[in-house]
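Scope of the values below: all heavy atoms of this structure, side chains included, with no hydrogens, waters or symmetry mates.
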Amino acid sequence: MATKRGNEEGSIYQRQDGLWAASVSLGFDGKGKRVRRTLYGKTRKEVATKLVELQKAKSDGLPVARRDITIETLLTEYLAVSKPQLRPKTYLSYALLSRVYVLPKLGKLRLAELDARKIESWMRGLLADELSAHTVGLSRALLRRAVDQAVRWDWVPRNVVDLTSPPRVERRVPPAQSVEQAQAILTAFEGTRFGPLITVVLGLGLRIGEALGLRWEDIEYEGERPVRLSVRVQLQYVNNTFQLTPPKSARAVRCLYLPSFVADALLSQKQTQAELAPKWEETGCENKLGLVFTNWEGGPLEYQNVRRQCMLTLGRAGIEGVRLHDLRHLCASLLLARNIHPRIVMEILGHSQISLTMNTYSHVLPGVATVAATAMEELLRPGK
């Protein structure tokens with residue numbers, strides 16, 4: 001039997017199972033139907049507190065969290081409205097994070113019941129399953145974006161994900177690199193199928209996707225010799241098809257002058273394609289995209305195949321612990337070690353901010369600082 005409610009408490013009552021509850025009217029929906037909210041708690045005080053908070057939010061004009069929305073519904077809606085604004089690869093990444101890491105644990109949870117404690121418990125669980133801190137952080141970031149959208153839709157009054165912190169990610173320091181290592185890598189690939197590709201990546205510091213998306217139309221010549229190339233697209237594999245897409249930032253679009261050994265590598269690659277052209281014609285194949293680096297049939301190269309073959313080549317040469325992306329780091333490290341200004345290195349790499357260049361290659365800069373100190377000594381205390 002329900003007990004009498006206290007003064008100013010609204011309709012608080014105790015159910016037959018012992019649980020306390022409160023019912024409050026939130027007005028009317030767009031169809032003129034009264035909207036009521038029921039709150040529950042183990043004690044009268046707990047329910048009374050929830051009721052006061054709800055009534056205050058209502059009187060202050062703040063949105064009152066909808067009880068019918070689950071995290072699964074939210075993420076479905078968020079991905080649907082965000083898809084037109086997202087790059088295809090980014091959308092697929094968000095969808096994967098949602099399906100694999102967020103929904104299995106949080107999907108059935110009501111949005112109104114999401115709090116910092118539940119979010120932190122979820123992240124601890126992912127880390128306990130040996131998921132990397134980086135991936136856990138990306139999953140949290142997706143949830144945060146989705147709840148931000150829920151705030152804009154007046155589904156919840158605030159974003160509780162902001163009350164949590166992502167797990168700390170130990171930044172990977174690029175391995176020790178030297179001129180001797182760069183020369184050993186170039187020697188290992190000399191005369192191999194991917195020799196020109198590796199030379200271009202190492203010599204210019206390109207991202208792998210930028211190198212695989214390089215087209216002959218992006219290369220400028222003086223006479224018959226290549227002298228410059230423009231980085232304007234990158235190759236991505238999206239929805240089971242290869243696509244040439246613009247770089248992530250405007251600064252990633254750049255024009256680079258070619259060292260002589262890179263120009264030689266491009267000429268070698270051009271000769272290789274010229275030798276393959278008759279075979280392509282006989283078999284009905286062609287280089288439709290005009291790519292510099294292709295498979296044997298003239299189509300785009302698949303990154304995983306390139307990585308696998310290159311790792312085998314490096315292994316046979318006794319070069320361990322080097323990833324393809326480390327060739328870009330190696331290029332930057334060598335330039336900084338030769339006192340090339342970080343701003344110039346930033347432009348070559350296509351970084352969006354110089355802070356990214358400085359933070360990534362801070363392990364190289366102490367040597368540059370020593371040179372600067374010596375220069376200042378020579379300027380102000382000559383002969384000392």
Run the side-chain contact (heavy atoms from CB on, under 4.5 Å) check on Trp153 and Glu77 step by step: do they pass?
CA-CA 11 Å; Trp153 286 336; Glu77 294 290 332; 3.9 Å; yes
Glu113 and Lys118: CA distance, side-chain angles, deciding distance, salt bridge (charged side-chain N to carboxylate O under 4.0 Å, His left out) verdict:
CA-CA 9 Å; Glu113 298 170 350; Lys118 292 184 177 70; over 6 Å; no
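- Leu143 and Val81 fall within a single hydrophobic cluster, where Ile, Leu, Val, Met, Phe, Trp and Tyr side chains are chained together by heavy-atom contacts under 4.5 Å.
- A donor-acceptor pair is defined here as one N or O able to donate and one able to accept, closer than 3.5 Å; such a pair exists between the side chain of Asn295 and the backbone of Glu297.
- Annotation: cation-pi pair Arg140/Trp122 absent, no NZ/CZ under 6.0 Å from the ring centroid and within 45° of its normal.
- By the 6.0 Å contact criterion, OH on Tyr257 is open, its count of non-hydrogen atoms from other residues, nucleotides or ligands being 12 or less.
- At least one donor-acceptor pair under 3.5 Å links the side chain of Thr283 to the backbone N or O of Lys279.
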Run the side-chain contact (heavy atoms from CB on, under 4.5 Å) check on Leu289 and Thr294 step by step: do they pass?
CA-CA 10 Å; Leu289 298 176; Thr294 67; over 6 Å; no
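- Using modelled atom types, one side-chain atom of Thr313 and one backbone atom of Gln309 make a donor-acceptor pair closer than 3.5 Å.
- In this structure, Lys270 satisfies the cation-pi test against Trp216, with its NZ or CZ atom closer than 6.0 Å to the six-membered ring centre and inside 45 degrees of the ring normal.
- Scanning all heavy atoms of the two residues, the minimum distance from Phe293 to Val200 falls at CZ-CG2, 3.9 Å.
- A distance-only check finds a donor-acceptor pair linking the side chain of Arg328 to the backbone of Leu349 [under 3.5 Å].
- Residues Phe261 and Leu267 fall into different hydrophobic clusters, defined by Ile, Leu, Val, Met, Phe, Trp and Tyr side chains chained together at heavy-atom separations under 4.5 Å.
- At least one side-chain heavy atom of Ile185 sits less than 4.5 Å from a side-chain heavy atom of Ile319.
- Looking only at side-chain heavy atoms (C-beta outward), Arg124 and Leu127 stay at 4.5 Å or farther from each other.
- For the atom pair CG (Leu266) and OG1 (Thr199), the distance works out to 9.0 Å, reported to the nearest 0.5 Å.
- Salt bridge Glu72/Lys108: present, at least one basic N to carboxylate O contact under 4.0 Å.
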Output, in order, the C-alpha distance, side-chain angles, deciding distance and verdict of side-chain contact (heavy atoms from CB on, under 4.5 Å) for Val231 and Val253.
CA-CA 5 Å; Val231 180; Val253 178; over 6 Å; no
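- For the atom pair CG of Leu235 and CD of Glu302, the computed distance is 9.5 Å after rounding to the nearest 0.5 Å.
- In this structure, Arg152 does not pair ionically with Asp148, as no charged nitrogen and carboxylate oxygen lie closer than 4.0 Å.
- Interatomic distance, CG of Asp218 versus CD of Glu220, reported as 9.5 Å (0.5 Å rounding).
- Minimum interatomic distance between Ser82 and Tyr78 (heavy atoms only, all atoms of both residues): OG-O, 2.8 Å.
- Of the possible donor and acceptor atoms, none in the side chain of Ser268 sits under 3.5 Å from a partner among the backbone N and O of Asp264.
- Here the side chains of Leu291 and Pro300 are in contact, with some heavy-atom distance below 4.5 Å.
- With a 6.0 Å radius and a threshold of 12 heavy atoms from other residues, nucleotides or ligands, Gln304 has its CD atom above the threshold.
- Taking CE of Met311 as the start and CD of Glu320 as the end, the distance is 10.0 Å to the nearest 0.5 Å.
- Classification of Arg254 and Glu210 as a salt-bridged pair holds, one side-chain N sitting under 4.0 Å from a carboxylate O.
- At distances below 3.5 Å, not a single donor-acceptor pair connects side-chain atoms of Thr164 with backbone N or O atoms of Val160.
- Within the model, atoms CG of Leu206 and CD1 of Ile348 stand 10.5 Å from one another, a figure rounded to the nearest 0.5 Å.
- For Glu275, the CD atom sits in a packed shell: over 12 heavy atoms of surrounding residues, nucleotides or ligands are nearer than 6.0 Å.
- In this structure the side chain of Leu334 never reaches within 4.5 angstrom of the side chain of Ile340, judged on heavy atoms.
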Test side-chain hydrogen bond (donor to acceptor under 3.5 Å, both in side chains) on Ser260 and Arg225; report intermediate values, then the result.
CA-CA 10 Å; Ser260 182; Arg225 189 164 183 82; 3.1 Å; yes
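- When atom types are taken as modelled, the side chain of Glu46 and the backbone of Lys42 share a donor-acceptor pair closer than 3.5 angstrom.
- Contact detail for Gly203 and Cys331: the closest heavy-atom pair is O-SG, 4.1 Å.
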Show the numbers, then the answer: is there a side-chain contact (heavy atoms from CB on, under 4.5 Å) between Leu109 and Thr70?
CA-CA 6 Å; Leu109 183 68; Thr70 63; over 6 Å; no
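- Connection of Tyr101 to Leu86 is established within a shared hydrophobic cluster, with ILVMFWY side chains joined at heavy-atom distances below 4.5 Å, either directly or through further cluster members.
- Linking ILVMFWY residues whenever their side-chain heavy atoms come closer than 4.5 Å, directly or via other members, places Val292 and Tyr221 in the same cluster.
- Proximity of a side-chain donor or acceptor of Asp326 to a complementary backbone N or O of His329 within less than 3.5 Å is not detected.
- In this structure, a donor-acceptor pair under 3.5 Å is present between the side chains of Ser132 and Thr135.
- Counting only heavy atoms from C-beta outward, the side chains of Phe189 and Pro196 never approach each other to under 4.5 Å.
- Counting all heavy atoms, side chain and backbone alike, Phe242 lies closest to Leu301 at CE2-O, 3.7 Å.
- You'll find the side chain of Leu214 stays beyond 4.5 Å of the side chain of Val233, heavy atoms only.
- Counting non-hydrogen atoms of other residues, nucleotides and ligands closer than 6.0 Å to CD of Glu190 gives a total of 12 or fewer.
- Summarising the geometry of Leu79 relative to Tyr91, their closest heavy-atom pair is O-CE1, 3.6 Å, with the distance given to 0.1 Å.
- One N or O on the side chain of Arg87 and one on the backbone of Pro246 form a donor-acceptor pair closer than 3.5 Å.
- For the residue pair Arg145/Tyr94, the side-chain donor-acceptor check at 3.5 Å is satisfied.
- Looking at heavy atoms from C-beta onward, Pro166 lies out of side-chain contact with Val136 at the 4.5 angstrom threshold.
- Defined by atom type and a distance below 3.5 Å, a donor-acceptor pair is missing between the side-chain atoms of Thr76 and Thr73.
- Here the closest heavy-atom approach between residue Glu222 and residue Val227 is recorded as CG-CG2, 3.7 Å.
- Taking CD of Gln243 as the start and CD of Gln236 as the end, the distance is 7.5 Å to the nearest 0.5 Å.
- The side chain to side chain contact (heavy atoms under 4.5 Å, CB included) test with Leu114 singles out one residue from Val147, Val156, Leu74, and that residue is Val147.
- Proximity of Asn159 to Arg144: side-chain heavy atoms (C-beta onward) are separated by under 4.5 Å at one or more points.
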